[in-house]
Amino acid sequence: MLTVLLASRNTGKLREFAELMPDVHLIPWPQEAPELPETGAFFQDNALQKAEGARAWWESHGTEPVDGVLADDSGLCVDALWGGPGVLSARFAPDLDSYRDKNRRLLAMVPEGADRHARFVCVLAFAPHKGESFTVSGAVEGRLAFELRGGGGFGYDPIFVPEGFGQTFGELPADVKHTLSHRARACAALRARLAAERP
Ligand code: ITT
């Protein structure tokens, strides 16, 4: 079984990775570990920065050997907001504490009658114990709902309706989200890449 350090403090992501990769032994990023900087302009830069930063820290502080370190940089890209909040999704509306309020703010920023197309994007970076890091990605197209719907998922799930569905990710069961989400698609690409490298 592959043992992977998951360089994320986002509990929503942690839960999803555990569900999406039940055959991988995932070690959560320890509480006492430092905050991982993400200063890049693109999802890919930030994912690599987090994975490699975590690998460097684990080399001197790790409590068990790992096959590699996984980091996820993701976000919601809204066409009517020129792709925002995008790479800044975790830092959108820092004056608001709850995602309920952040989601309301985001919806209020979209002008009436505007194109409501949006997509979730996920870039995963994998830094192997030894060797070169690489990234894979996944996306899911959809549109913004007109109000928050559903209490499932996390973050922007209650305002995102994936293409082909009438319900938001907040309303759809997790196992449905996992058949089509940006993170599920990126995980499938990661699995394929790892299988090719470790037949
Ligand atoms: P880590 O860096 O510790 O992993 P983070 O929350 O800072 O956690 P990101 O910088 O990648 O992670 O920010 C991504 C944000 O995009 C996240 O905080 C959510 O608000 C949102 N997001 C990403 N995937 C999502 C999903 O599947 N459902 C809802 N919101 C999502």
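Side-chain atoms are counted along with the backbone in the values below, which use heavy atoms only and exclude waters and symmetry mates. Read the numbers this way: they start at 1 and go in the same order the structure lists the ligands and their atoms. It should be emphasised that the depicted structure is a prediction, and the values quoted were computed from it without experimental measurement.
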Just which atoms of ligand 1 are under 4.0 Å from any heavy atom in [X]?
| X | answer |
| --- | --- |
| D73 | 9 (P), 10 (O), 11 (O) |
| G75 | 16 (O) |
| D72 | 4 (O), 11 (O) |
| K13 | 1 (P), 4 (O), 5 (P), 8 (O), 9 (P), 11 (O), 12 (O) |
| N10 | 3 (O), 6 (O), 8 (O), 17 (C), 18 (O) |
| D157 | 26 (C), 28 (N), 29 (C) |
| E38 | 2 (O), 7 (O), 10 (O) |
| Y99 | 18 (O), 19 (C), 20 (O) |

Will you find, in the side chains of [X] and [Y], an N or O donor that is under 3.5 Å from an N or O acceptor?
| X | Y | answer |
| --- | --- | --- |
| S74 | D72 | yes |
| H117 | E141 | no |
| T39 | Q49 | yes |

**OP:** Identify the heavy atoms of P37 and K50 that sit nearest to each other, and give their distance.
**Re:** O-CG, 4.0 Å
**OP:** Work out whether the distance between some heavy atom of K102 and some atom of ligand 1 is less than 4.0 Å.
**Re:**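 Not so, K102 does not reach ligand 1.
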Subject >> Contact with ligand 1 for K177, non-hydrogen, under 4.0 angstrom >> reply: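 K177: in contact with ligand 1 (<4.0 Å).
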Original post:
Hey, is NE2 on H129 packed in by over 12 heavy atoms from elsewhere, all under 6.0 Å?
Top reply: no
Please write down residue, atom name and distance for the protein heavy atom closest to [atom].
| atom | value |
| --- | --- |
| atom 13 (O) of ligand 1 | A90 CB, 3.2 Å |
| atom 24 (N) of ligand 1 | R183 NH2, 2.9 Å |
| atom 14 (C) of ligand 1 | S74 O, 3.0 Å |
| atom 21 (C) of ligand 1 | Y156 CD1, 3.7 Å |
| atom 2 (O) of ligand 1 | K50 NZ, 2.7 Å |
| atom 3 (O) of ligand 1 | R9 N, 2.9 Å |

**OP:** Establish, yes or no, whether a centroid distance under 6.0 Å links the rings of W29 and W58.
**Re:**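 Centroid separation for W29 and W58: 6.0 Å or greater.
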Subject >> Aromatic contact, Y99 with F154 (centres under 6.0 Å) >> reply: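 No - the distance between ring centres of Y99 and F154 does not fall below the 6.0 Å cut-off.
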Subject >> Structural part of W29 in contact with ligand 1, heavy atom criterion under 4.0 angstrom >> reply: neither
Original post:
Of the backbone atoms (N, CA, C, O) and the side-chain heavy atoms from C-beta on, which set of F154 has a member under 4.0 Å from an atom of ligand 1: side chain, backbone, both, or neither?
Top reply: both
**OP:** Before signing off on this row, confirm whether S89 and ligand 1 have an N or O atom pair separated by under 3.5 Å.
**Re:** no
Subject >> L107 vs R104, side-chain contact (heavy atoms from CB on, under 4.5 Å): CA-CA, chis, key distance, verdict >> reply: CA-CA 5 Å; L107 290 183; R104 286 196 175 131; 5.9 Å; no
Closer than 3.5 angstrom, by distance alone: can the side chain of [X] be matched with the main-chain N or O of [Y] as a donor-acceptor pair?
| X | Y | value |
| --- | --- | --- |
| N103 | I159 | no |
| R185 | A139 | yes |
| R116 | A145 | yes |

Original post:
Taking the side chain as C-beta and beyond, is there a heavy-atom pair between R191 and M21 under 4.5 Å?
Top reply: yes
